[in-house]
Amino acid sequence: MPFKSGFVAIIGRPNVGKSTLMNQVIGQKIAIMSDKPQTTRNKIHGVYTTNDSQIVFLDTPGIHKRQSKLGDYMNNTAIGTLGEVEAVLFLVDASEGMGGGDRFIAEQLANVKTPVFLVLNKIDKIEPEALLPLIESYRKLVSFAEIVPISAKLGSNVNTLLEQITKYLPEGPQYYPEDQVTDHPEQFVCAELIREKILHMTREEVPHSIAVTIEDMRVQENGVVNISAVIFVERDSQKGIIIGKQGAMLKEVGRRARTDIENLLGSKIFLELWVKVKKDWRNQERVLRDLGFHKDS
Ligand SMILES: Nc1nc2c(ncn2[C@@H]2O[C@H](COP(=O)(O)OP(=O)(O)OP(=O)(O)O)[C@@H](O)[C@H]2O)c(=O)[nH]1
Ligand SMILES: [Mg+2]
């Protein structure tokens, strides 16, 4: 049997479980997840390889109403992937009805030539009877190549989804070595893991105002990896929140991030965290570029 391969985009509104699905498929955490919408900001590839096929998943930022330059960047990143792939997985949260955001995306997909899958996620939260009317409402808007209910969190029916995707892959090369699970450098994933801990530990006023960059990452002679990271916020008050009383918050962020990063790198790390204020960074194109948001990445 010839080797089959191709790229598959996962799109949907914020918080439907796109990153959870990708991590579940590749069995490793490369994309960060949280219960806050707009967690993913950049496109990130997750590579799933078997003996006779390779699927490269593109996790994308949730598509949402524009609020800032960063928001525009995130929407363009998600919608821009549609023409580059063999199939599109339109992920929806089956535990919620079709909302305005879902309808907006469905309308964008109506004229897309690429096969579109309707993937109904979070079925662990619903009664099976609830699925049919939901599927009907989506089918009125888009003609789907396949319809697959799953639970990304529990992994239910994810194998069926993978089998269905494989049917749509053309003959093709193995793009990535079988032991490579993402296209992003370790530095990017480390910065994302730090950002995830902050998302989990802070309330609404902080999450969208932060960016994390790795300033330095080097292996010492004793094998310990020294990492120095900067957390950018927009206002002094947010700096105070992230540092916490006597540095308690920052210390806990560091402790939690260290565990995940040590798992990722497979070695002990020493993590140094700094917090800096960069006013209104989300609306400044140049600052966005400095922080690693590129139109073409
Ligand atoms: N019960 C249940 N929860 C899920 C499932 N999949 C994802 N979640 C939860 O939904 C929340 C959002 O998951 P993410 O994977 O971060 O969602 P996303 O679509 O990547 O979100 P953005 O990056 O913000 O667009 C997290 O709290 C997940 O644990 C599922 O199958 N069942
Ligand atoms: Mg995500």
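All ligand and atom numbering here is 1-based and tracks the order in the structure.
In the vicinity of Asp35, heavy-atom distances shorter than 4.0 Å reach the ligand 1 atoms 27 (O). The distance from ligand 1 to the heavy atoms of Ser34 drops below 4.0 Å at these ligand atoms: 11 (C), 12 (C), 13 (O), 16 (O), 26 (C), 27 (O). Every atom of ligand 1 is numbered from 1 in the order shown, and the set under 4.0 Å from a heavy atom of Lys18 is 15 (O), 17 (O), 18 (P), 19 (O), 20 (O), 21 (O), 22 (P), 25 (O).
Inclusion of Asp59 in the set of residues having an N or O under 3.5 Å from an N or O of ligand 1 is not warranted. Residue Ala152 places at least one N or O, backbone or side chain, under 3.5 Å from an N or O of ligand 1. Geometrically, ligand 1 and Arg13 share no nitrogen or oxygen pair separated by less than 3.5 Å. The shortest N or O to N or O distance between Thr60 and ligand 1 is not under 3.5 Å. Ligand 1 has a nitrogen or oxygen under 3.5 angstrom from a nitrogen or oxygen of Gly17. Between Gly62 and ligand 1, at least one pair of N/O atoms sits closer than 3.5 Å.
The residue among Gln24, Lys125, Met22, Lys153 with a heavy atom at the shortest distance from atom 5 (C) of ligand 1 is Lys153. Residue Thr20 holds the heavy atom nearest to atom 15 (O) of ligand 1 of all those in Thr20, Thr39, Leu199.
Heavy-atom contacts from other residues, nucleotides or ligands closer than 6.0 Å to CD of Glu127 number 12 or fewer. Heavy-atom neighbours of Lys167 NZ from other residues, nucleotides or ligands within 6.0 Å: above the threshold of 12.
Put simply, Ile11 and Leu118 are part of the same group of oily side chains (I, L, V, M, F, W, Y) that touch within less than 4.5 Å, one to the next. Put simply, Met33 and Val92 are part of two different groups of oily side chains (I, L, V, M, F, W, Y) that touch within less than 4.5 Å, one to the next.
Counting protein heavy atoms only, atom 6 (N) of ligand 1 is closest to Asn121 ND2, 3.2 Å. Looking from atom 10 (O) of ligand 1 to the surrounding protein, the closest heavy atom is Lys122 NZ, 3.1 Å. What sits closest to atom 21 (O) of ligand 1 on the protein, heavy atoms only, is Asn15 N, 3.0 Å. Closest to atom 1 (N) of ligand 1, if we only count protein heavy atoms, is Asp124 OD2, 2.8 Å.
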Just do the side chain to side chain contact (heavy atoms under 4.5 Å, CB included) check on Ile147 and Tyr138 with the steps written out, would you? CA-CA 10 Å; Ile147 297 175; Tyr138 281 104; over 6 Å; no

Worked verdict on Cys190 versus Leu264 for side chain to side chain contact (heavy atoms under 4.5 Å, CB included): CA-CA 8 Å; Cys190 288; Leu264 176 81; 4.0 Å; yes

Would Thr182 and Ile44 count as a side chain to side chain contact (heavy atoms under 4.5 Å, CB included) if you check the C-alpha gap in whole Å, the side-chain angles of each, and the deciding distance to 0.1 Å? CA-CA 7 Å; Thr182 181; Ile44 172 163; 3.8 Å; yes

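Neither the backbone nor the side chain of Ser95 comes within 4.0 Å of ligand 1, counting heavy atoms alone. Counting heavy atoms closer than 4.0 Å to ligand 1, residue Leu154 contributes nothing at all. At a 4.0 Å heavy-atom cut-off, ligand 1 touches Met33 through backbone and side chain alike.
Shown are Asn51, Thr49, Thr50; of these, the side-chain hydrogen bond (donor to acceptor under 3.5 Å, both in side chains) with Ser53 is made only by Thr50. With respect to Phe7, the ring pair (Phe, Tyr, Trp, His ring centres under 6.0 Å) criterion is satisfied by exactly one of Phe57, Tyr175, Tyr176, Tyr48: Tyr175. When the options Ile210, Ile241, Ile243 are evaluated for a side chain to side chain contact (heavy atoms under 4.5 Å, CB included) with Val233, the one that passes is Ile210.
Within the coordination shell of the Mg ion (ligand 2), defined by N, O or S atoms under 2.8 Å, Thr20 is absent.
In this structure, the separation between CD1 on Ile227 and CD1 on Ile269 is 4.0 Å, given to the nearest 0.5 Å.
With no hydrogens or angles considered, a side-chain donor-acceptor pair links Gln174 and Glu178 at under 3.5 Å.
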